[in-house]
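Inspection log for the structure reproduced underneath, given as structure tokens.
The chains referred to below are lettered A, B, ... by the order of the sequence lines, with proteins before strands, and numbering in each begins at 1.
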Amino acid sequence: MLVLDQVGKTYPNGVNALERFSATINRGEIVAVIGGSGCGKSTLLRAIAGLDRASRGSITLDGDLITAPHGKIGIIFQEPRLLPWLSVADNVAFGLAGLPKRERAGRVARALDRVGLADKARVWPRELSGGQAQRVAIARALVPQPEVLLLDEPFSALDAFTRSDLQDHLLDLWADARPTLILVTHDVDEAVVLADRIVVMRPRPGRLFEEIPVFLSRPRDRTSALFEDLKRRVLTSLDQSLDRDIPDRREKSVSGEAMWW
Amino acid sequence: MTVPTMTAVEMSFAPSAESPRTTGRRTRRLVNVALGLALPVVLGAAWEWVVHAGWSDGRLVPPPSVIFATLWDLARSGELWVHTRATVLRVAAGFALGVAAGTAVGAVAGYSGLSRRILDPTLQALRSIPSIAWVPLFILWFGIFEESKVALIAVGVFFPVYLGVMGAILGVDRKIVEVGRAFRLSGPALVRRILLPAVLPSYIVSLRSGLGLGWMFVVAAELLGASEGLGYLLIDGQQLGKPAQIVAAIVAFAVIGKVTDWLIEVAAAPFLRWQDAYGQQAGGA
Ligand SMILES: Nc1ncnc2c1ncn2[C@@H]1O[C@H](COP(=O)(O)OP(=O)(O)OP(=O)(O)O)[C@@H](O)[C@H]1O
Ligand SMILES: [Mg+2]
């Protein structure tokens, strides 16, 4: 269980990027974080990843206080960030340095197979398309079997077709070991397709505006009426989150996080 | 050099060197070499013919046949070997010193902002001094024999290597360093698995420009007083009025300079295969 307790972040330049963000995220849950530009989504994710320290509050994973990158938490960035001097297979193996050679090779081969790139194992990253590179990044993050996987707009640089393809792929992979996924996105469709719960944030300072549970069963039909309803709900919430006159809607969730499932 | 960029296991996955494109690339390269040689060969042949026909006596600008004959004589008498050896040893010593110092200081300045703020202004100021200006001082400090020459060469090599290493470390993509942090690499592992391979391409470039300067400075050092070395051959040729010997020494410089540069390139190639394509593009059609 990942517990965020009153997490806040003020950057050295004085920008208050995140204020009193609290949430409890259960193992295996998929949470989408959505909100306007600059409302602290990346800040939140980087704090959970341990890449930047929160200025206030605490983040704990199964009781471990997160202050630095944690072995059970993986992250996928907006760009693939593959190491150009390593082959695709070596990139995927990057986080497995401690394992015996045999097991490492086996896991890498399986992971590449799983993202449909078994034939690209010995290729350099520069020879991949954007979507393929991002799939390699997904394999690289998944192969150490993290319990929590953080994704910061992982598909935003891709075209719509590749994006929905990769969303399906991600769900497939998630079903293998069911890690917790926390996904930052700008794409309402993506949030509704993937998430069990959508967290809407609002800016200045970045904070939680509303949590919207998604009860749709998987696989989700992007054209169903329920899907459309939820999308509309999220869009309305996003609209309101930018309106300074509407107060935060987080009181409810602070008192009873567990209410929704 | 050991293998800094990849662990044994990582090597095992490396893409294979041979590709279907290799043969096409080879022919293209041969054509390029032929094109590059065309101009000097034609000019040389033309001059040879002019002298042969008696339109010029070729005294001040000896034709290629005379130059090669001179080279051959120097080689046969063993003189060429003695002078080349002296020069190469000087460059090797100066290059080694300059590279060691440049790498160490550049790494420190690149890695730590504080030491950069302390070191860089002074080094930049020293760099703007024309290096020949050091010669009198070095001769006072180190005497007129090898040490002052090696010191001059080392100074010449130091600056491009220092600048290259520092710039390369500063230029390492922070996003990629962050990947290392996210995978919880320790400090040394971060250096070995991320920083070193990231820095290597520009490091090689700086080694090559350092070596180029080393060759330049060895000439300066030898012109200013030496009893052996290719630079001495130059001076000797001037004083005795033997232009063919001067040109022969110049040719020797060109050949050795090119060969040593090529050696660095070849030694580095296995580590830079991942960026082959960029080099290929830069080389252009
Ligand atoms: N390293 C930093 N130093 C100073 N301020 C920062 C830094 N990173 C982000 N900020 C500021 O913090 C605020 C939140 O930024 P953050 O990157 O978390 O937003 P975001 O929700 O991810 O936005 P986007 O959707 O555009 O990616 C912004 O006002 C931004 O200018
Ligand atoms: Mg962001």
Side-chain angles (χ1 to χ4, degrees), chain A residues 42 45-46 48-52 68-109 112 120-128 136-137 140-141 143-144 146 149-150 152, chain B residues 3-21 113 168 171-204 268-282:
Chain A
S42 298
L45 216 64
R46 293 175 58 83
I48 302 175
L51 290 171
D52 291 334
H70 190 284
K72 292 181 181 168
I73 301 179
I75 184 163
I76 296 173
F77 300 95
Q78 181 171 356
E79 329 78 25
R81 300 198 187 180
L82 302 180
L83 306 180
W85 53 85
L86 296 181
S87 69
V88 164
D90 289 333
N91 264 285
V92 175
F94 191 77
L96 299 180
L99 289 184
K101 194 174 166 173
R102 267 274 197 77
E103 183 178 351
R104 173 159 45 172
R107 280 220 220 167
V108 168
L112 278 175
K120 299 282 186 196
R122 300 169 77 84
V123 146
W124 298 114
R126 63 175 151 81
E127 297 169 78
L128 299 175
V136 174
R140 178 176 67 182
V143 92
L149 184 60
L150 310 169
D152 193 353
Chain B
V3 181
T5 67
M6 305 177 190
T7 65
V9 179
E10 283 168 346
M11 271 301 221
S12 67
F13 289 118
S16 56
E18 283 297 321
S19 76
R21 293 186 295 258
V172 172
D173 189 355
R174 278 185 45 231
K175 291 181 167 180
I176 278 192
V177 176
E178 209 165 74
V179 170
R181 285 222 295 135
F183 280 105
R184 306 203 303 155
L185 295 189
S186 63
L190 196 73
V191 169
R192 187 174 58 83
R193 298 182 65 190
I194 306 262
L195 289 182
L196 272 183
V199 159
L200 200 62
S202 20
Y203 186 54
I204 302 298
F271 304 106
L272 300 183
R273 255 193 308 119
W274 57 272
Q275 56 164 19
D276 255 7
Y278 302 126
Q280 218 68 34
Q281 275 160 20

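For chain A, no part of B:Ala189 is nearby; none of its heavy atoms comes within less than 4.5 Å. In this structure, chain B has no heavy atom under 4.5 Å from any part of A:Pro125. When heavy atoms are compared at a cutoff of 4.5 Å, A:Ile75 approaches chain B solely by way of its side chain, counted from C-beta outward. Proximity to chain B is limited to the side chain of A:Arg46, based on heavy atoms less than 4.5 angstrom apart.
Under the side chain to side chain contact (heavy atoms under 4.5 Å, CB included) criterion, B:Arg184 pairs with A:Pro69, not counting sequence neighbours. Residues that satisfy the side chain to side chain contact (heavy atoms under 4.5 Å, CB included) test with A:Pro80, not counting sequence neighbours, are A:Leu82, A:Ala133, A:Gln134, A:Ala137.
Residues A:Phe94 and B:Ile194 have side chains in contact (heavy-atom distance under 4.5 Å, counting atoms from C-beta outward).
Side-chain N or O atoms of A:Arg140 include none that pairs as donor or acceptor with a backbone N or O of A:Gly95 at under 3.5 Å.
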